[in-house]
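What follows is a short report on a single structure.
Throughout, residue positions are numbered sequentially from 1 according to the sequence presented. When a ligand or atom number is given, it counts from 1 through the structure's own listing order. Because the structure is predicted, anything quoted here is derived from the model rather than measured.
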Amino acid sequence: MDLLNHGQACRWHAYRTASGLEQAAVQAILQAASQAISQRAAFHIVLAGGTTPRRIYELLREADTDWAAWHVYFGDERCLPQEHAERNSRMAAHALLDQVAIPENQIHPIPAEQGAAIAASSYAQTLADISLFDLVLLGLGEDGHTASLFPGHDPDMTPAAPAAIAVLNAPKPPPQRVSLSAHRLSATRQLMFLVTGAAKQQAVNDWRNGLNIPAAAITPAAGVDVYVEAGLL
Ligand code: 6PG
């Protein structure tokens, strides 16, 4: 296990293929769900955006789990209309959420279509009742960003950090986004990063060399599990 600058404890789980990684991630997610539901009758999961998780969400459709106990949140969202093809909530809906029996009032998209500041404030209220997530899924950007926490921006690691923050000049389009803060993303029993593709090589190198990329600012008490293609290590 690596300990990095922010004291982030990282466990690296390497898989020869993206398919192998996806299968392992699905099993880990279902294990987390089973444990949460048996202990607390509910599973509070934060979904990652981008493209990496899509196949994992599609594989989850066939899972044998108590969907009625799932409560779904998002780590970030792009400020686009609700049905825009680039919305993270739309990707998750098409890949998984529209196909399984999670009660609609237990799926909590970030209302980013309302604009970054209003949506961030509103989503912080949504999260007020959930002190600890059971599982947070995150991707990794080529520049080391995660959720919509980008280099050169304060990831908001302090306890005073708002749960959700407005991002107004993201280098990855669209420029306006809403992101959970690093502090809020870290308030979770388990956290999995999902990292595939040669484009992530530099970000993985920087991370493992102890550079303070935004992904390294995510510091849950139990550490983080990085599901990564072996070729990137
Ligand atoms: C977003 C995502 C972002 C994503 C990474 C990786 O809204 O863009 O939340 O953080 O996870 O950029 O994206 P890919 O999975 O598409 O490589």
Could you list the donor-acceptor pairs under 3.5 angstrom formed between side-chain atoms of residues 108-121 and any protein atom two or more places apart in sequence or on another chain?
unit_1	atom_1	unit_2	atom_2	d
E113	OE1	R87	NH1	2.7
E113	OE1	R87	NH2	3.3

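No side-chain heavy atom of T196 sits under 4.5 Å from any side-chain heavy atom of L194.
Among F74, F43, Y73, the one residue that satisfies the ring pair (Phe, Tyr, Trp, His ring centres under 6.0 Å) test with F133 is Y73.
For ligand 1, the 4.0 Å heavy-atom shell takes in G49, G50, T51, T52, D76, R78, N88, G139, L140, G141, H145, T146, A147, K172, R177, K200, ordered by chain and residue number.
For D64, the CG atom counts as loosely surrounded, since its 6.0 Å shell holds 12 or fewer non-hydrogen atoms of other residues, nucleotides or ligands.
A distance of 6.0 Å or more separates the ring centres of W12 and F193.
In the model, D156 has no side-chain atom that pairs as donor or acceptor with a side-chain atom of S181 under 3.5 Å.
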